[in-house]
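Below: the structure, in structure tokens.
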Number of protein chains: 2
Amino acid sequence: MTGAQVNAEVLAVIVALVDGRPAVLTLGEPPRLPSGPLLPGHRSLQQATRAWVEEQTGRRLGYLEQLYTFADVDRTDTGRELSISYLGLTTAGDPGIGGWTDWYDLFAWEDRRNGELLPQDLERALYAWADASPDSDERRRRVAITFGLAGRSWQPDLVLQRYELLYEAGLVAEAPDNRRAADADLAPGLRMLGDHRRVLATGLARLRAKISYRPVVFELMPEQFTLRQLQDCVEALAGQQVHTQNFRRVIEQQELVEETDQLAETGGRPARLYRFRRQVLAERSIAGTKLPTTRAR
Amino acid sequence: MTGAQVNAEVLAVIVALVDGRPAVLTLGEPPRLPSGPLLPGHRSLQQATRAWVEEQTGRRLGYLEQLYTFADVDRTDTGRELSISYLGLTTAGDPGIGGWTDWYDLFAWEDRRNGELLPQDLERALYAWADASPDSDERRRRVAITFGLAGRSWQPDLVLQRYELLYEAGLVAEAPDNRRAADADLAPGLRMLGDHRRVLATGLARLRAKISYRPVVFELMPEQFTLRQLQDCVEALAGQQVHTQNFRRVIEQQELVEETDQLAETGGRPARLYRFRRQVLAERSIAGTKLPTTRAR
DNA sequence: CGTCCTTATGCTACAACTGAGCAAAAGGGG
DNA sequence: CCCCTTTTGCTCAGTTGTAGCATAAGGACG
């Protein structure tokens with residue numbers, strides 16, 4: 001069974017921690033994700049992604065996993081456009097070409113590390129959208145679940161659902177029925193080229209889910225790090241605070257790290273430096289960095 | 001950025017329960033998964049999948065989610081082949097065209113419901129493969145983890161890893177370096193067309209993982225069912241037995257089902273019939289059918 | 001030098017969940 | 001009426017998860 005001819009490109013969500021802030025690798029203005037056509041010379045999709053990211057940003061990639069495949073029917077002149085997206089993790093290092101864009105400049109509502117709740121006006125706009133429909137009850141419930149309102153707990157990994165809901169409600173800049181331009185400011189965040197922000201949301205959702213059952217955070221960390229730095233990293237990704245003592249307990253009991261004999265100055269009591277036990281990647285029994293959540297309030 | 005021209009097809013892993021046995025929808029001999037080229041008329045990848053499955057098997061699909069995108073570089077004559085695979089769940093109903101193939105005819109080693117361990121000869125063949133390498137320790141550990149040997153627990157959702165390991169070890173029929181034809185019988189299972197068995201393994205892995213955190217089993221159940229039937233379904237998917245009382249406890253406390261006023265004859269005490277509370281699909285707080293595992297021995 | 005600040009680290013209490021087993025209920029068949 | 005089957009209710013102990021208290025170890029500053 002041979003398929004019809006289509007155009008195919010790979011699209012990369014490359015995440016790193018830059019000055020303790022989670023960032024994604026972007027090019028140009030408005031920011032877009034690194035991407036490139038799938039060429040006959042590429043041995044695999046993954047290799048194609050590595051090649052394009054390297055060529056466009058001069059950066060070597062480490063961890064890389066497939067994310068999702070999007071099909072675009074809009075542009076029919078050149079045929080269908082197929083985008084195979086990948087999620088990559090790396091350490092910041094030297095920036096090369098292109099820049100790092102802070103996640104939370106793109107999805108401001110996803111950062112809850114300071115205990116901030118959803119902005120009042122955004123909450124009102126969401127419920128207004130819900131009420132503008134015949135089945136407003138259904139919509140209100142969806143809003144409440146997706147955004148952790150009405151007594152429900154905030155679920156960090158619902159990034160995509162939140163973005164899609166905001167899109168439907170016309171509250172993000174790229175929404176087609178963004179009737180009132182003013183509303184686009186309610187969900188504060190830079191827009192990106194095309195549907196790249198959606199792709200990015202898919203990546204963040206996957207990453208937030210993944211850190212809880214696989215030790216992937218370490219791909220973002222330097223060779224040696226303190227437990228506080230590791231915790232900061234997890235909190236940055238999850239957009240949520242974590243109970244310090246419990247976090248350490250989980251890390252230790254899972255034997256994810258091993259001590260070094262070095263200490264780091266931290267402003268308070270010096271912290272021990274640790275390094276990741278690479279062996280656990282082979283030990284598939286290891287659960288991951290199941291980030292200890294704060295109980296819902 | 002416009003992509004290069006490639007051939008694209010969609011590929012469907014359609015799962016149902018047939019007489020209490022988990023089965024996948026296949027066509028022809030050797031069995032292959034329903035598939036079809038991506039055509040300009042298709043609105044989306046998902047819709048393309050629905051259309052092709054319906055055309056080839058006369059069967060309407062319910063639940064459908066994207067699985068993985070495979071790229072094949074082998075056939076260079078017609079250009080690259082891109083396969084976007086989907087996982088679908090349905091009730092058996094009338095078979096239409098094509099047939100249902102039992103999972104465990106394709107992956108015999110994945111069925112542990114009767115407490116069977118890995119066949120001795122297969123275990124020996126795996127370790128023999130491990131020992132035939134310079135880093136035999138690493139390989140032996142990988143075998144042990146993947147197949148739950150040497151005191152490690154069997155992890156149902158490692159379907160793909162197990163298949164890939166068997167493939168590497170030349171113990172499945174389609175392996176290229178299947179030097180000794182006799183060995184191919186050690187991992188008993190029908191082969192499929194091309195890499196379809198690998199795609200299927202990907203689907204089973206996803207499904208086994210998913211039943212533990214999303215209430216998807218119900219897509220396979222009839223409108224009304226007893227808790228025992230539901231448990232049988234979960235056990236069939238997981239390839240593992242489940243503690244009945246705990247299973248019921250989880251189902252009830254998560255409020256996944258509601259009673260009907262009907263009973264079913266079962267050979268013993270009549271069982272109450274339940275129906276799925278469709279509302280929970282909207283309530284994202286629900287964890288799923290987190291199948292209560294049997295503690296590792 | 002002692003006090004106060006900061007951050008790091010150790011430990012405990014309590015609640016919730018999980019795996020496992022006992023036992024009674026409710027049908028049918030000899 | 002006894003025995004078989006399957007369903008259903010319940011208990012118990014061990015584990016895990018959340019939260020908070022307390023101490024350790026540095027620097028800054030009087």
Side-chain angles (χ1 to χ4, degrees), chain A residues 20 115 153-156 211-213 224-235 238 240-274 285-297, chain B residues 20 115 153-156 211-213 224-235 238 240-274 285-297:
Chain A
S153 65
W154 172 267
Q155 296 177 272
I211 53 174
S212 66
Y213 64 92
Q224 295 190 1
F225 48 85
T226 68
L227 292 181
R228 168 44 78 176
Q229 287 171 330
L230 184 62
Q231 181 180 343
D232 283 339
C233 176
V234 168
E235 288 183 344
Q240 225 186 16
Q241 284 198 321
V242 160
H243 182 108
T244 306
Q245 298 94 315
N246 293 342
F247 177 76
R248 311 174 119 265
R249 184 178 52 187
V250 170
I251 299 295
E252 276 162 21
Q253 108 188 355
Q254 301 238 139
E255 300 181 296
L256 292 173
V257 299
E258 60 191 8
E259 290 189 354
T260 70
D261 51 2
Q262 286 170 286
L263 297 178
E265 292 187 5
T266 59
R269 168 175 172 176
R272 180 159 301 279
L273 283 169
Y274 290 81
S285 32
I286 293 291
T289 317
K290 41 171 73 168
L291 88 131
T293 63
T294 300
R295 197 189 291 280
R297 254 158 312 197
Chain B
S153 66
W154 173 267
Q155 295 177 272
I211 54 174
S212 65
Y213 64 93
Q224 296 190 2
F225 48 85
T226 68
L227 293 182
R228 168 44 76 175
Q229 287 171 330
L230 184 63
Q231 180 181 343
D232 283 340
C233 177
V234 169
E235 289 183 344
Q240 226 185 15
Q241 284 198 322
V242 161
H243 183 110
T244 307
Q245 297 94 317
N246 292 343
F247 177 76
R248 313 173 120 261
R249 182 175 54 188
V250 170
I251 299 294
E252 275 163 23
Q253 107 188 357
Q254 301 238 138
E255 298 182 299
L256 292 172
V257 298
E258 61 191 7
E259 289 189 354
T260 70
D261 51 3
Q262 286 169 285
L263 298 178
E265 292 187 5
T266 59
R269 170 174 170 174
R272 180 158 301 281
L273 283 168
Y274 291 81
S285 33
I286 294 289
T289 316
K290 41 171 72 170
L291 89 130
T293 63
T294 299
R295 198 187 292 279
R297 258 157 308 195

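By convention in this document, chain letters (A, B, ...) are assigned in the order of the sequence lines, proteins followed by strands, and residues within each chain are numbered from 1.
Picking from C:dC22, C:dT18, C:dT7 the nucleotide with the shortest atom distance to the side chain of B:Arg249 gives C:dT18. Comparing D:dA25, C:dT18, D:dG20 against the side chain of A:Pro270 picks out D:dA25 as the nearest. Listed nucleotides D:dT7, C:dG19, D:dG26 differ in distance to B:Asn246; the shortest reach to its side chain belongs to C:dG19.
Residues A:Thr226 and A:Leu273 meet the side-chain proximity criterion, which asks for heavy atoms closer than 4.5 Å. Side-chain contact between A:Asp232 and A:Glu235: present, with at least one pair of heavy atoms (C-beta onward) separated by less than 4.5 Å.
At whole-Å resolution of the value, CG in B:Asp232 and P in D:dT7 are 8 Å apart. Rounded to whole Å, atom C1' of D:dG9 lies 9 Å from atom CZ of B:Arg248. Between the CD atom of B:Gln231 and the P atom of D:dT7 there is a distance of 9 Å, rounded to whole Å. Atom CD in B:Gln241 sits roughly 15 Å away from atom P in C:dG19 (whole-Å rounding). One can place CD of B:Gln254 at 16 Å from P of C:dA16, the figure rounded to the nearest angstrom. For A:Leu273 and C:dT9, the CG to P distance is 10 Å, given to the nearest whole Å. The nearest whole Å value for the distance from the CD atom in A:Gln245 to the P atom in C:dT7 is 14 Å. Between B:Ile251 atom CD1 and C:dC17 atom P the separation is 15 Å, expressed in whole Å.
Here the options are B:His243, B:Arg248, B:Arg249, the test is side-chain hydrogen bond (donor to acceptor under 3.5 Å, both in side chains), and the partner is B:Gln245; only B:His243 passes.
The residue among B:Gly268 and B:Leu227 whose nearest nucleotide of DNA chain D is located toward the 5' end is B:Gly268.
With hydrogens and angles left out, the side chain of A:Arg269 and the base of C:dT7 share no donor-acceptor pair within 3.5 Å. A donor and an acceptor atom sit less than 3.5 Å apart, one in the side chain of B:His243 and one in the base of C:dG21.
B:Thr244 places no side-chain N or O within 3.5 Å of a backbone atom of B:Phe247 that could act as its donor or acceptor partner.
Here A:Glu259 pairs with A:Arg272, A:Tyr274 under the side-chain contact (heavy atoms from CB on, under 4.5 Å) rule; sequence neighbours left out.
Of the residues in residues 257-266 of chain B, those lying under 4.0 Å from DNA chain D by heavy-atom distance are B:Thr266.
Residue B:Glu252 qualifies as enclosed at atom CD: its count of foreign heavy atoms under 6.0 Å is above 12. Atom CD of B:Glu265 has 12 or fewer neighbouring heavy atoms from other residues, nucleotides or ligands inside a 6.0 Å radius.
Heavy atoms of B:Arg272 sit under 4.0 angstrom from primed sugar atoms or phosphate atoms, though from no base atom.
At least one side-chain nitrogen or oxygen of A:Arg228 sits closer than 4.0 Å to the OP1 or OP2 atom of C:dA8.
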